[in-house]
Amino acid sequence: MAELLRFRDDEPVDHPAVTVDAFGGQANAAAVRVEPGDDARALIPHLAHIRLVEVNFPAFTDGRGYSAARILREAGYTGELRAVGDVLVDQLAFMRRCGFDAFEPDQPFDDGEVRAAMSRFPHAYQPAAAGAQPIWVLRHPPANG
Amino acid sequence: MYAYDQYDQAMVDARVAEFRDQVARRLDGRLSEDQFKPLRLMNGLYLQLHAYMLRVAIPYGTLNARQMRALADIAEQYDRGYGHFTTRQNIQYNWIKLADAPDILADLARVEMHAIQTSGNCIRNISADHLAGAAADEVCDPRPYAELLRQWSSFHPEFSALPRKFKIAVIASEADRAAMRLHDIGIRMVEREGTLGAQFYVGGGMGRTPMIAPLIRDFVPVDQFITYAEACLRVYNRHGRRDNKYKARIKILVHELGADEYRRQVEEEFAHLLTLGIEPPRAELERIKAHFGPPIHAELPPLTAQAGPSDPAAFAEWRAANVLPHKLPGHVAAVISLKPIGGIPGDATAEQMRVIADCAALYSADECRVMHTQNILLPHVREADLPALYARLADAGLATANLDQVGDIIACPGLDYCSLANARSIPVAQKISQRFAASGKGAALGELKLKISGCINACGHHHAGHIGILGVDRKGTENYQLLLGGSEAEDAALGKITGPGFDEDGIVDAVETVADLYLARREAGERFLDTYRRLGMEPFKEALYG
Ligand code: HEM
Ligand code: SF4
């Protein structure tokens with residue numbers, strides 16, 4: 001059982017996630033698992049009662065889950081967004097910026113490496129989910145501050 | 001030229017620290033080669049036949065003298081005293097030790113350079129017209145837009161594990177000097193009714209299935225430029241094929257969906273993304289633009305005090321071949337050929353790089369450009385300085401007069417370095433260059449773009465050569481196919497294979513045969529390509545296979 005790294009304080013959902021297909025038929029589930037080929041936008045009508053979305057990375061080289069994460073956050077999803085599978089510590093910062101706030105990697109992370117990965121880049125060029133201002137906002141702060 | 005501010009500098013410094021840590025974890029075994037591979041690729045480090053190869057990003061090909069000198073120092077300190085300028089306006093070092101790579105990145109960071117995203121399945125270094133800021137036919141300088149794209153694409157969180165590599169080129173004139181439509185995204189800045197915007201061509205590329213990009217949007221307003229690029233990329237990241245790496249480039253997606261359906265999906269995503277405020281503000285574009293003002297020249301000794309060239313005939317020949325017009329009166333752009341007779345296309349020694357740096361500082365407002373043809377351009381030369389510049393270049397063996405002629409060959413590293421190669425490219429380029437130098441036909445043939453790749457991946461742009469050569473493996477021996485009629489310019493076209501391939505000496509003869517046919521059959525004003533287009537393949541086939 002891989003360790004779970006979470007960047008949120010609420011209680012984790014305690015029941016297993018259902019597939020996107022199954023979810024369509026049983027609106028009472030609060031946890032869904034998105035595979036790389038799934039259309040994350042299919043979940044948008046139901047976001048209000050979803051508390052956990054697991055995005056599976058069968059191979060770390062398959063970046064579709066990054067778009068899935070951003071699409072859900074852009075649609076206003078505030079529940080847990082968990083990256084599971086072949087998730088490597090070197091992708092942590094990118095994943096946080098795409099909106100992931102929980103990680104369940106096949107190979108548990110080393111704490112020191114997590115701290116290093118999270119603190120390495122002070123700024124980013126792009127606006128992103130984790131709240132930090134992009135560099136162009138820092139360069140041109142809004143006039144009313 | 002663009003200069004880093006504290007944020008840009010912090011970014012590359014952090015990257016050096018990160019990569020130093022990753023290399024340490026690889027060297028002590030905490031990272032497996034499989035896990036390390038995508039990380040080193042994001043830093044431009046390939047494992048090749050004999051050693052690691054490091055590819056350094058040169059954003060839109062632009063360098064100042066200090067940066068060129070740093071590249072020379074790296075060649076000397078960590079490689080074998082030379083470097084190789086590539087068709088994507090970058091430089092590659094072929095003999096790098098893994099343990100040295102973090103120090104090299106640190107040396108680069110000191111001169112505002114890096115190797116970020118020069119390989120791997122991410123958005124690569126942005127290329128641009130090498131005459132940017134100098135060309136009379138441009139509607140604007142394309143480099144500020146390339147710089148906007150550079151920043152947007154650096155460490156983009158969503159696009160770090162794309163189906164395949166992704167290359168973007170930006171131009172701003174009708175003439176295409178950057179092979180724009182052979183890129184994953186080719187952008188042309190245009191003016192419509194006094195307003196600046198961008199044409200987006202999407203889905204071009206070379207490789208085993210070459211395609212010329214179709215126009216996906218005819219006008220993207222500059223204030224929505226980055227947002228549109230993001231929409232193009234998101235559709236690709238979500239729907240590009242990942243089941244087969246040979247079908248993973250965006251050209252296959254656009255081809256399979258059709259340009260109309262791809263456009264529809266992009267427009268839908270674009271409409272959504274416009275609501276999110278991801279576009280950098282106009283003030284940021286203005287900040288970047290301020291870095292790209294008109295050239296400012298160093299104080300030079302009075303022109304009359306300078307000695308003229310010792311060989312006026314050679315100077316006149318060089319001037320006729322290698323000097324291009326400039327938009328400012330009294331200025332020209334001068335091409336430093338990295339294609340000496342019988343040399344390795346694109347190679348420069350550390351000493352030559354230093355001469356280029358000195359010339360850039362003295363004669364070109366502290367700027368030089370790597371061209372996609374693997375030459376170096378001095379963009380802003382005062383016409384009156386040409387004799388002095390020429391004398392300096394000639395001393396360093398850098399004054400070959402052959403721009404866009406048959407000796408100005410693009411060639412990939414091929415079997416001499418590359419682990420994917422089927423055949424050698426460099427020796428073939430050398431033999432062709434020597435053959436035409438000996439016969440003296442180069443100047444008579446005029447513009448004749450010859451491009452050689454050592455395998456189907458097409459790093460040497462063979463599909464886009466007026467004459468293209470493709471190395472293949474035939475029953476264990478090196479064999480070369482000949483292609484005719486390609487072009488990477490505004491009249492973009494893909495070359496066609498003439499017929500059965502040739503051995504190494506046979507391909508040199510074959511090139512001479514088709515060149516001779518052109519000389520015999522051309523009409524006034526026709527380039528090789530024009531004659532081929534008029535006559536078609538048949539007469540060339542006849543001459544080759546008779
Ligand atoms: C020596 C190590 C190199 C390796 C292993 C390598 C590998 C490859 C591969 C596999 C492709 C095909 C990609 C695809 O079709 O998806 C490719 C394409 C390309 N490479 Fe290289 N390459 C190398 C060196 C170079 C050099 C030195 C240059 C520049 C002179 C270069 C420029 C290109 C270009 C322009 C393309 C075509 C891009 C396209 O398909 O649109 N490569 N390379
Ligand atoms: S074309 Fe083939 S042989 Fe040449 S560099 Fe590319 S991969 Fe290597």
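Values below: all heavy atoms of this structure, side chains included; hydrogens, waters and symmetry mates excluded. Here the structure is a predicted model, which means the values were calculated and not measured. Below, chain A is the first sequence line, B the second, and so on; all start at residue 1.
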*Backbone N or O of B:L41 within a donor-acceptor pair of the B:S119 side chain at under 3.5 Å?*
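It does hold such a pair.
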
If you count heavy-atom pairs within less than 4.5 Å of chain A, which of [options] leads?
| options | value |
| --- | --- |
| B:H239, B:Q22, B:R25 | B:R25 |
| B:R15, B:R287, B:H272, B:Q35 | B:R287 |
| B:E230, B:M11, B:Q6 | B:M11 |
| B:A10, B:G277, B:S160 | B:S160 |

Answer with side chain, backbone, both or neither: which region of [X] has an atom nearer than 4.5 Å to a non-hydrogen atom of chain A?
| X | value |
| --- | --- |
| B:R242 | side chain |
| B:E286 | neither |
| B:I226 | neither |
| B:D8 | both |
| B:R150 | side chain |
| B:D243 | neither |
| B:N237 | both |
| B:L39 | side chain |

_With heavy-atom distances below 4.5 Å as the criterion, would you say the side chains of A:R33 and A:T19 are in contact?_
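A:R33 vs A:T19: side chains apart.
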
_Please rank A:T61, A:D110, A:D62 by heavy-atom pairs under 4.5 Å with chain B and give me the top one._
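Maximum pair count with chain B is reached by A:D62.
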
*asked:* Using heavy-atom distances under 4.5 Å, tell me whether A:Q91 contacts chain B through its side chain, its backbone, both, or neither.
replied: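 For A:Q91, no heavy atom lies under 4.5 Å from chain B.
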
*Pick one of side chain, backbone, both or neither for A:D39, based on which atoms fall under 4.5 Å of a heavy atom in chain B.*
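Both backbone and side chain.
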
Measure the spacing between [atom1] of [X] and [atom2] of [Y] and express it to the nearest 0.5 Å.
| X | Y | atom1 | atom2 | result |
| --- | --- | --- | --- | --- |
| B:R264 | B:E268 | CZ | CD | 5.0 Å |
| B:N125 | B:Q117 | CG | CD | 10.0 Å |
| B:L233 | B:S153 | CG | OG | 8.5 Å |

*Once the angle between the rings of B:H291 and B:Y2 is folded into 0 to 90°, is it parallel (under 30°), tilted (30 to 60°) or perpendicular (over 60°)?*
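B:H291 and B:Y2: perpendicular rings.
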
*asked:* In terms of relative ring orientation, are B:F225 and B:Y145 parallel, tilted or perpendicular, with 30° and 60° separating the classes?
replied: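 The arrangement is perpendicular - the two ring planes meet at more than 60°.
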
*Taking only residues two or more places apart in sequence or in another chain, which ones pass ring-ring contact (aromatic ring centres under 6.0 Å, His included) with A:H123?*
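With neighbours one apart ignored, the set is B:Y7.
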
_Using a strict threshold of under 4.0 Å (side-chain N to carboxylate O), is an ion pair present between B:K37 and B:D34?_
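Result for this pair is no, no salt bridge flagged.
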
*Is the A:Y66 to A:F57 ring centre distance short of 6.0 Å?*
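Yes: the rings meet the under 6.0 Å criterion.
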
